[in-house]
Amino acid sequence: MNRELIQARKALFAGKETEKNLPCYLRELAGCYYRMGYYNLAMQYTAFAEAVKEGLLQTDERTEVYAAQLKRLLGVLLAEQAAPEELKEAMGTLLTMRGEITVFMQALTAYTDKLYLHEYALKRLEPAMEDTAEDIDSYAALEELESYLFGSGEQEVPYDRLISIVSELPVRMTKGKFMEWVRSMVAVAYKDADAEGLYRAFYMLYSAAGLYEPEGMEQFPDYAGALQYFSSADYRSMTEEQYRDAKERLEKVTKCIASDVEVYFSLIEIVNSLLMLFFTASYAMPEEVRQTEGCRQVLRLMLCEEPYSEEEIVEAFASFEGEPEELDEVLQEEEAYLEELPVKEELLAALMQKELYTRVMCASRLHTDSVFVELEEKEPPEESFEASLEAFCTRLSEVLENGQRAVNRARMAQVIQLLPLPFKKKSEVQKYILAALENCHDMSEKTAALREIRKSAEEMW
């Protein structure tokens, strides 16, 4: 337990001796983030280096360049006397790298969202192509689904189960009816959201509908080619041979994207930990440096050209066993206070604590679960709810108008998952489920839908 940290924080919130307690509190926090950065870095870099060595992570030319840069920057970090110019250059390199990797990850996420729509369409064809389609009676299926939803006799609609079922049921709404549903339910969910909430909501809607087009997608021409192939496929008249080719291609490209995502995710975790260290290293006290010596030993072993023994790496990790977990609990608690710290810009400037405060705030953001968090607070675009909704609906309508039916249904199902459902009574749920089943005359699609629902029921309920 860090008594100085807690005492300084309590005094700050009580308005006592701010001139003394603010520098103390920020310095103590900087020291905590310094240690946390080292603990994370030792674990993350070891996992990355060993996974690459064992072939569990597949790097390419671009990610190998990033890995080489990180290796060089680790050398700067571990140097006994790194020049100020080196540290400044290292920070700039890391921030640039972080921005580039974020762009690539956004592009990979967009490809994943778009390709999922085609995966959905292919899954609906699978029973027909595999000759496993069932002759499903809609009323018997309704009874089965009711047992999932109301198995204990509840009259209230269990929402998590309901949304899981509705998103898998055959979509049999007209485009007009669907767009009416979207407009009304988006208004229910997000009309009163603040600017940030509105931005996030429509980002999720665009992504779910496969409409998000971030920069960086052109950096992955193979995935662009795969997406073009699926976009030109004819799902209504697909032969068994075409289906198997499409399925094989989809599995291959999905596996490649997942591999890329894993590598970039590992890289940005390392980048974040290095940044946390560079933000706070100049404020570390001798005791904090001593506490992280084991981490430096781990990293030296990783950077050494000579092979290291398992005993050496185990011994280095053992020197700080349990400390990351304890420190993480401290930081989790302090971060809630840090956001509400009763200090203003003028006071920070007067006490010459602006730079330290900024560095601590950046370190706190790097400590969150979201590895792609913005390091500086940015105002979301100022756009009214009505304008955002109109832009989304216009784009969605255009795509539905020109898209294939199978992919359109996938798009609708994905959007429905993000919206409130209008059902208030058990009878309304029953009516919707029965209509979806009765209006679907494709036994392959109906079979696939029920199989997905059954799978979810086994896993979740």
Side-chain angles (χ1 to χ4, degrees), residues 30 33-49 51-53 57-108 214-216 218-220 260-284 289 292 295-296 298-305 354-368 370-378:
Y33 284 120
Y34 171 82
R35 289 172 56 206
M36 199 74 234
Y38 253 127
Y39 295 146
N40 288 340
L41 184 61
M43 293 183 284
Q44 292 160 356
Y45 193 79
T46 300
F48 174 75
V52 170
K53 182 180 177 181
L57 285 180
Q58 302 296 322
T59 56
D60 58 16
E61 186 176 342
R62 182 161 52 212
T63 51
E64 284 169 7
V65 170
Y66 285 140
Q69 286 180 309
L70 289 173
K71 191 172 183 179
R72 180 180 67 81
L73 294 174
L74 278 172
V76 173
L77 177 70
L78 295 173
E80 290 292 327
Q81 293 293 331
E85 301 79 37
E86 285 185 286
L87 296 176
K88 186 176 181 181
E89 180 194 351
M91 288 277 286
T93 300
L94 285 168
L95 290 169
T96 299
M97 195 186 306
R98 189 174 192 271
E100 291 173 355
I101 293 175
T102 299
V103 167
F104 295 144
M105 283 291 283
Q106 289 171 340
L108 291 170
E215 63 174 302
E218 72 284 353
Q219 297 293 327
F220 300 93
D260 282 350
V261 166
E262 192 174 3
V263 173
Y264 281 115
F265 193 88
S266 295
L267 288 171
I268 204 165
E269 281 189 320
I270 295 168
V271 168
N272 284 351
S273 294
L274 268 169
L275 275 172
M276 193 186 297
L277 279 166
F278 280 114
F279 276 129
T280 58
S282 58
Y283 300 97
V289 175
T292 52
C295 301
R296 281 185 292 281
V298 169
L299 295 171
R300 290 188 197 103
L301 291 171
M302 291 294 111
L303 296 181
C304 184
E305 298 297 328
K354 176 63 177 175
E355 182 177 353
L356 175 54
Y357 176 79
T358 302
R359 286 173 174 250
V360 167
M361 289 302 294
C362 286
S364 74
R365 293 188 180 107
L366 289 165
H367 182 245
T368 62
S370 175
V371 296
F372 300 101
V373 66
E374 294 282 355
L375 296 187
E376 295 180 6
E377 289 187 1
K378 293 184 178 179

Original post:
Could you go step by step and tell me if L57 and E262 meet the side-chain contact (heavy atoms from CB on, under 4.5 Å) rule?
Top reply: CA-CA 7 Å; L57 285 180; E262 192 174 3; 3.4 Å; yes
Subject >> Audit row: Y283, V360, side-chain contact (heavy atoms from CB on, under 4.5 Å) steps and yes/no >> reply: CA-CA 10 Å; Y283 300 97; V360 167; over 6 Å; no
**OP:** In sequence, state the C-alpha distance, the side-chain angles, and the governing distance for M105 and I268, and then conclude on side-chain contact (heavy atoms from CB on, under 4.5 Å).
**Re:** CA-CA 10 Å; M105 283 291 283; I268 204 165; 6.0 Å; no
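Rounding to the nearest 0.5 Å gives a distance of 11.5 Å between OG1 of T280 and CZ of R35. The structure places CG of L299 at 12.0 Å from NZ of K71, a figure rounded to the nearest 0.5 Å. Residue Y33 holds its OH atom at 13.0 Å from OG of S273, rounded to the nearest 0.5 Å.
In this structure, T368 contributes its side chain and R365 its backbone to a donor-acceptor pair below 3.5 Å.
Residue E218 qualifies as enclosed at atom CD: its count of foreign heavy atoms under 6.0 Å is above 12.
In this pair, F220 and Y264 present their aromatic rings perpendicular. The plane angle is above 60°, beyond the 30 to 60° band. By the 30° and 60° cut-offs, the orientation of the rings of F48 relative to Y45 is tilted. Ring geometry for Y66 versus F104: interplanar angle of 30 to 60°, hence tilted.
When the options L275, I270, N272 are evaluated for a side-chain contact (heavy atoms from CB on, under 4.5 Å) with L94, the one that passes is L275.
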